[in-house]
Amino acid sequence: MSSTRRGVGLNAFSNAAISSEQYARHGQQLRSNHAEALANQLSVFQAALHNFSLTHAKDIRSNPNFRAEFARMCNAIGVDPLAGSNVKDIRGAGGGAGGVWAKMLGSSVNDFYFELAVRVVEVCRETRGENGGMIAVSDVQKRVAKGRSGLVGGGMDATEDDLLRAIESLQPLGGMFKVQVLGGCKFIRSVPKELNPDQAKVLEVIQILGHVTVSMLQANLDWERARAITVIDDLVADSLVWIDSQAEEPEFWSPGSMHEGG
Amino acid sequence: MAATSPESSLSSFSTTAYTPSTTAYTPSTTTQAISSSGFNFPTYTSFPPFYTLQPNLTTRTHQLELWSTLISSYCAYYRIFRLSLSSLPTDLFSNANIHRSLKPGDVRTVLDHMSKPENGPRIDWIPSTTRNEQSSSCYVYWKTPGEWADALHGWVDETGQKGTVLTVYELREGDAVRSKEWRDMDEGMLRKVLNVLVKRGKAQIFGQEENAGVKFF
């Protein structure tokens with residue numbers, strides 16, 4: 001309802017105002033028609049997707065192969081199965097569809113990875129006192145499968161792929177969790193301090209041999225004693241290795257093997 | 001099923017091997033110590049650094065926790081109520097297979113850790129009878145005195161013995177408690193438990209020493 005105000009030169013103005021108002025209304029009509037058609041299409045699509053995720057929710061949660069395939073499919077059509085808003089090239093389907101899409105897919109897939117990420121964070125925190133914040137992915141996998149101590153059930157059957165995906169999803173937390181490879185083995189680092197090359201080298205050697213002595217480092221890496229001692233001291237200070245002082249020469253062990261075979 | 005002779009080495013252990021006799025099932029992990037009495041030693045008891053008190057405090061805190069858990073479970077398994085530093089169970093504090101053992105001074109450090117209220121307390125030092133001498137023995141609380149008090153009182157209640165007077169002897173060694181977890185509990189510890197009940201107003205103690213009697217309410 002336009003109000004007609006009379007004033008100087010207002011006639012011309014009000015004409016223009018009326019026609020631009022008409023244009024506006026017409027444009028709005030067009031937009032709402034399109035939007036309505038789009039909304040219809042979307043809701044059909046959403047329903048189908050929702051049904052899919054409901055039907056296969058159990059599979060998604062319990063079957064690592066299915067989950068991997070599902071994740072591959074999502075990536076192929078430009079949808080991140082995890083993120084709410086991280087959508088590539090889906091503008092053609094309508095701007096806001098991305099978030100909705102992921103939300104529809106998300107319920108079981110999202111939940112699984114979210115829960116897995118939470119478990120990974122918990123395991124890293126629980127074991128930090130023992131391993132200084134460096135834990136093998138295989139170790140995390142075992143602990144996650146076992147479930148929370150003291151609680152029956154609740155173990156999650158996750159593949160290494162799943163774990164790496166879950167860790168990826170933790171990036172928004174400020175890069176607290178990084179994957180590092182030592183001696184061919186993947187580790188999750190959950191402390192901010194990075195290893196310098198010497199420290200990484202020694203940890204790698206320990207990973208392969210189980211433990212080292214200063215003499216072994218000297219002999220195998222051709223390091224001066226002082227250098228070897230410095231690095232070892234660093235690793236001890238960061239609680240990354242344990243000391244055995246009852247051997248002929250003090251031995252430095254990775255805590256990774258402490259609970260193995262149990 | 002292959003029967004393994006006691007002399008067979010650890011390396012010949014398979015996942016299906018066990019000694020089918022009155023002695024215990026030996027766990028299938030290859031690095032486990034064999035105990036004739038069957039306590040299932042966790043894998044970390046075969047980790048050599050476990051027997052060295054770690055210099056890094058973060059690591060040490062975790063190590064002390066592992067020792068505390070080990071000692072509590074071991075004592076619960078064998079129903080050990082009291083540890084004496086002069087005669088500690090060897091397989092608890094050392095692993096002969098890897099030739100490692102916790103030094104006596106470090107044993108005390110572990111027990112000190114367990115004696116702190118914020119850590120339980122899971123042990124309670126028994127004051128030495130000689131003045132100015134450190135304690136050399138302790139009670140082990142694989143159940144707390146409060147938990148024992150509940151168990152004891154619960155049994156008295158269930159068996160309709162409230163109001164009757166029971167002797168300390170009966171409570172410790174009587175036929176009626178033969179199947180009870182607290183049977184043969186160290187007497188000093190039993191008194192602590194009874195004192196908990198007294199404080200709660202659930203029991204009263206009459207008489208002294210061996211002739212002491214307890215009435216439960």
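Proteins come first, then strands; the chains are lettered A, B, ... in the order of their sequence lines, and each starts at number 1.
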Engaged part of B:Gln63 at the chain A interface, taking heavy atoms whose separation is under 4.5 Å: both
When rounded to the nearest 0.5 Å, the distance separating CG of B:Asn97 from CG of B:Asp91 is 11.0 Å
Given that the side chain runs from C-beta out, which part of B:Thr58 has a heavy atom under 4.5 Å from chain A: side chain, backbone, both or neither? both
Nearest heavy-atom approach of A:Ile206 to A:Phe252 is CD1-O, 3.8 Å
Sidechain N-carboxylate O distance under 4.0 Å for B:Asp112, B:Lys116: no
Decide whether a cation-pi geometry holds between B:Arg79 and B:Trp142; the criteria are a distance under 6.0 Å from NZ or CZ to the six-membered ring centre and an angle within 45° of the ring axis. no
Residue part contacting chain A, namely of B:Phe47, when any heavy atom lies under 4.5 Å: side chain
Heavy atoms only, distances under 4.5 angstrom: which of B:His99, B:His62, B:Glu65 has the most pairs with chain A? Name it, please. B:His62
Side chain, backbone, both or neither of A:Asn131 within contact of chain B (heavy atoms, under 4.5 Å): neither
Plane angle bin for B:Phe93 and B:Trp67 - parallel if under 30°, tilted between 30 and 60°, otherwise perpendicular: parallel
Note: vs chain B, highest number of non-hydrogen pairs under 4.5 angstrom among A:His211, A:Glu130, A:Glu251 is A:Glu130
Is the distance between the ring centroids of A:Trp242 and B:Phe50 less than 6.0 Å? no
Heavy-atom distance under 4.5 Å to chain A: side chain of B:Leu66, backbone, both or neither? side chain
